[in-house]
Amino acid sequence: MGHPYPIREIARQAGLSEATVDRVLNGRGGVRESTARSVQQAVTDLDRQRTQVRLTGRTFMTDVVMQTPERFSTAVRAALEAELPSLHPAVVRCRFHFRETGGPDELVETLDRTARRGSQGVILKAPDVPEVTAAVGRLVAAGVPVVTLVTDLPSSGRLAYVGIDNRAAGATAAYLLGQWLGGRPGTVLTTISRGFFRGEEEREMGFRAVMRTLRPARRLVEVTDSDGLDATQFDLVLAALRQDPEIGAVYSMGGGNVATLDAFDAVGRPCEVFVAHDLDHDNARLLRAGRLSAVLHHDLRQDMRDACRLIMRAHGALPPDSAPVLPSAIQVVTPYNMPPGSPPAPPQGRPNGPGS
């Protein structure tokens, strides 16, 4: 029986004497079949537990680098910190580098500084621009695995992407809006934080493709370059509403939804259907209040768990896995099916939706 373990360790695992284990391993006979099975099971158990042995005492210093509004970085930090105990006996320590806006230079400097200082891995949400792609290449060349989060950099040397299938998410939003608006006239406002985030670009492509199929006559108006921040979002949406009095529904790909609804209120116009992304604190409150029709949500804790395990696997601390990382499941969340831990749905009233 091939194995990499000392006889003493197998004997301890099986609860047998070393002499008995030695007889089984060397096929000398004179032992019961059940005893031989116990030795075989002990070796199997040690194989399975060897991963835990490799993890014991290992510390993985991980850098989380994100350009995103504070409401989403807060949600990511909370999800990651909630998952850290599940990664034991390994210890994952995190350094957070968050920014809400700006050009790529500062982001590139953060990545280059991380490469010089050293890190066991980087979890990255960043725009898909050549400067960032090159910086990811330098990290990988320095031996630092990079996992992209919610928006991908497919032409970079990143290890993997974790998050939803953004094109499918955009298609789902188009389906929901098409069903709820039906044949009623009106323009749909689409809002994007920045055009160079691939995730939002893919959501828009999926949305427009399905909307052309389901409702080819439906007009779409785009607002972009707000960075998902309320201060800039309000002015951009207000200008769009004043220019087009037919806007009555929204698909928000990049956030700033409080400001979008404030702009509707400012012109005294109802938003008949509003589909948004991510169950952050703003969207959870708006959803419970009936101001959002639905939120396209995914389990950030699963994303963070997958990202950490990918980094540990890259360092040989977990067994190799040839299976591709599957996209996170897209959940259509209403006030009445909010995930565990969210406040309960309102006892009366209903969200914006069909016929509202």
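Scope of the values below: all heavy atoms of this structure, side chains included, with no hydrogens, waters or symmetry mates.
For the ring-ring contact (aromatic ring centres under 6.0 Å, His included) condition, the pairs that include at least one residue of residues 94-121, sequence neighbours left out, are Phe96-Phe98. Residue pairs meeting the salt bridge (Lys or Arg N to Asp or Glu O under 4.0 Å) criterion with at least one partner in residues 294-305, sequence neighbours excluded, are Glu83-Arg301, Glu83-Arg305. Every pair passing side chain to side chain donor-acceptor pair (under 3.5 Å) that includes a residue from residues 249-260 is listed here, sequence neighbours excluded: Thr191-Ser252, Gln233-Thr260, Tyr251-His277, Ser252-Asn257, Asn257-Asn283. Each salt bridge (Lys or Arg N to Asp or Glu O under 4.0 Å) pair with one or both residues in residues 307-319, not counting sequence neighbours, would appear here, but there are none. Under the salt bridge (Lys or Arg N to Asp or Glu O under 4.0 Å) criterion, the residue pairs touching residues 61-71 are Asp63-Arg95, Asp63-Arg117, Arg71-Asp280, with sequence neighbours excluded.
Under a 4.5 Å side-chain heavy-atom cut-off, the cluster of Ile, Leu, Val, Met, Phe, Trp and Tyr residues that includes Leu229 has no other member. Taking Ile, Leu, Val, Met, Phe, Trp and Tyr as members and joining any whose side-chain heavy atoms lie under 4.5 Å apart, directly or through other members, Tyr161 forms no hydrophobic cluster with any other residue.
Note: Leu177 CG to Leu214 CG = 10.5 Å, rounded to the nearest 0.5 Å. In this structure, the separation between CE on Met61 and CZ on Arg93 is 3.5 Å, given to the nearest 0.5 Å. Of the inter-residue distances, the one linking Ile123 atom CD1 with Arg158 atom CZ reads 14.5 Å to the nearest 0.5 angstrom. In this structure, CE in Met253 is found 6.5 Å from CZ in Phe207, a value given to the nearest 0.5 Å.
In this structure, Val333 and Leu287 have side chains that are in contact, with non-hydrogen atoms separated by less than 4.5 Å. Between His298 and Ile330, the closest side-chain pair of non-hydrogen atoms is not below 4.5 Å.
Between the side chains of Thr151 and Glu200, not a single donor N or O lies within less than 3.5 Å of an accepting N or O.
Taking the side-chain hydrogen bond (donor to acceptor under 3.5 Å, both in side chains) definition, one finds that Arg116 meets it with Glu109, sequence neighbours left out. Looking at residues two or more places apart in sequence or on another chain, you find a side-chain hydrogen bond (donor to acceptor under 3.5 Å, both in side chains) between Asp265 and Arg291. Thr20 pairs by the side-chain hydrogen bond (donor to acceptor under 3.5 Å, both in side chains) definition with Ser17, not counting sequence neighbours. For the salt bridge (charged side-chain N to carboxylate O under 4.0 Å, His left out) test, no residue two or more places apart in sequence or in another chain qualifies with Arg32. Evaluation of the side-chain hydrogen bond (donor to acceptor under 3.5 Å, both in side chains) rule for Asp227 yields Thr101, Arg194 as partners, not counting sequence neighbours.
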Practice task
I would like to know whether Thr190 and Val223 meet side chain to side chain contact (heavy atoms under 4.5 Å, CB included); could you show each step before the answer?
Solution key: CA-CA 6 Å; Thr190 63; Val223 163; over 6 Å; no
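Annotation for Arg242: atom CZ does not count as buried by contact number, only 12 or fewer foreign heavy atoms lying within 6.0 Å.
Using a 4.0 Å cut-off between charged nitrogen and carboxylate oxygen, Glu246 and Arg219 do not count as a salt-bridge pair.
Put simply, the side chain of Arg218 gets close to the backbone of Gly186: a donor and an acceptor are under 3.5 Å apart.
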